[in-house]
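Everything numeric here is computed off the predicted structure, so don't read it as measured data.
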Amino acid sequence: MSASPASAAPPAAGGPPPGTYQIPSLGWRILGGALRLIPLVLILIGVPVAILTFLQAHGIDLPIPIFTVEVFGIAITVLAVARYIARPSAAFGALSIATSALTIVYLYLILLDATYHLTIPGSDVTISIGYSLLILLLLIVPALALGAGAITLIEDVNHPRERWPFDFPP
């Protein structure tokens with residue numbers, strides 16, 4: 001009786017044993033975080049500030065101050081990059097919670113004044129545009145991420161390294 005070809009094959013030389021994990025080095029994680037930094041800065045800071053500056057230059061009242069957008073954009077970006085770099089550590093869950101909580105606060109500030117009133121110059125006509133439903137729908141994502149971060153933190157405290165084979169497969 002002969003063994004099947006799949007079971008007769010020796011394990012790969014130099015490769016990790018089955019069921020283990022390969023955590024990227026700190027340098028690779030920093031590089032990955034830096035690569036995430038560029039689009040995050042553009043999406044969370046650059047584009048919103050450019051739009052708000054354009055509106056302000058044309059005499060349109062802003063729904064949220066530019067400074068608020070800059071501060072929250074920078075803070076969320078820094079936390080998101082730190083979360084990516086700290087993924088193999090127990091700080092990952094705590095950074096996920098912080099990032100999600102800050103995003104919820106930011107969206108809540110936008111939700112507080114989620115009706116924009118546009119006055120047509122030279123007339124008594126005012127157009128109101130409400131986008132509170134959109135903001136409420138956007139709040140679902142960080143709320144779920146907050147729960148996932150809490151579960152990850154609890155699991156990392158109770159069972160350290162248990163998620164590593166799933167997060168960092170060989």
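- Within the structure, the side chain to side chain donor-acceptor pair (under 3.5 Å) test picks out the following pairs touching residues 124-140 (sequence neighbours left out): His117-Ser128.
- Judged as a side chain to side chain contact (heavy atoms under 4.5 Å, CB included), and not counting sequence neighbours, the contacts of Ile23 are Tyr21, Arg29, Pro88, Trp164, Phe168.
- How far OG1 of Thr99 is from CD1 of Ile76: 8.0 Å, rounded to the nearest 0.5 Å.
- Every residue meeting the side chain to side chain contact (heavy atoms under 4.5 Å, CB included) condition with Leu144, not counting sequence neighbours, appears here in chain and number order: Ile140.
- Judged as a side chain to side chain donor-acceptor pair (under 3.5 Å), and not counting sequence neighbours, the contacts of Arg163 are Asp156, Asp167.
- Residue pairs that meet the ring pair (Phe, Tyr, Trp, His ring centres under 6.0 Å) test with at least one member in residues 41-78, sequence neighbours left out, are Phe54-His58, Phe72-Tyr106.
- Legend: residues meeting side chain to side chain contact (heavy atoms under 4.5 Å, CB included) with Ile85, ordered by chain and number and at least two apart, are Leu26, Ile30, Val81.
- Linking ILVMFWY side-chain heavy atoms closer than 4.5 Å, directly or via other members, places Ile74 and Leu102 in a single hydrophobic cluster.
- Shown here are the side chain to side chain contact (heavy atoms under 4.5 Å, CB included) partners of Ile129, two or more places apart in sequence or in another chain: Ile127.
- Between the CG atom of Leu137 and the CG atom of Leu107 there is a distance of 11.5 Å, given to the nearest 0.5 Å.
- Under the 4.5 Å side-chain heavy-atom criterion for ILVMFWY residues, a single connected hydrophobic cluster contains both Ile45 and Ile51.
- The ring pair (Phe, Tyr, Trp, His ring centres under 6.0 Å) contacts involving residues 135-157 comprise nothing, where partners must be two or more places apart or lie in separate chains.
- Under a cut-off of 6.0 angstrom, the local environment of OH in Tyr108 is sparse, with at most 12 non-hydrogen atoms contributed by other residues, nucleotides or ligands.
- In the hydrophobic cluster analysis, where Ile, Leu, Val, Met, Phe, Trp and Tyr join through side-chain heavy atoms closer than 4.5 angstrom, Leu112 is grouped together with Ile64.
- With a 4.5 Å cut-off between side-chain heavy atoms of Ile, Leu, Val, Met, Phe, Trp and Tyr, the cluster of Trp28 takes in Leu31, Leu35.
- For residues 35-59, there are no salt bridge (charged side-chain N to carboxylate O under 4.0 Å, His left out) pairs, not counting sequence neighbours.
- Sorted by first and then second residue, the salt bridge (charged side-chain N to carboxylate O under 4.0 Å, His left out) pairs involving residues 39-66 (not counting sequence neighbours) form an empty list.
- Leu79 contributes atom CG, which lies 11.0 Å from atom CG of Leu40 (distance to the nearest 0.5 angstrom).
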Can you give each donor-acceptor pair under 3.5 Å made by side-chain atoms of residues 89-96, sequence neighbours left out, with the distance rounded to 0.1 Å?
unit_1: Ser89; atom_1: OG; unit_2: Ala86; atom_2: O; d: 2.8
unit_1: Ser89; atom_1: OG; unit_2: Ala91; atom_2: N; d: 3.3
unit_1: Ser96; atom_1: OG; unit_2: Phe92; atom_2: O; d: 2.9

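- Tracing side-chain contacts under 4.5 Å through hydrophobic residues (I, L, V, M, F, W, Y), one reaches Val105 starting from Ile110; they form part of the same cluster.
- Residue Val141 is not grouped with residue Leu138 when hydrophobic side chains (ILVMFWY) are merged at heavy-atom distances under 4.5 angstrom, including chains of intermediate members.
- Note that OG1 of Thr152 and CD of Glu155 are 8.0 Å apart. Values are rounded to the nearest 0.5 Å.
- Here the CG atom belonging to Leu139 is positioned 6.5 Å from the CG atom belonging to Leu111, to the nearest 0.5 angstrom.
- Counting only heavy atoms from C-beta outward, the side chains of Leu146 and Ile97 approach each other to under 4.5 Å.
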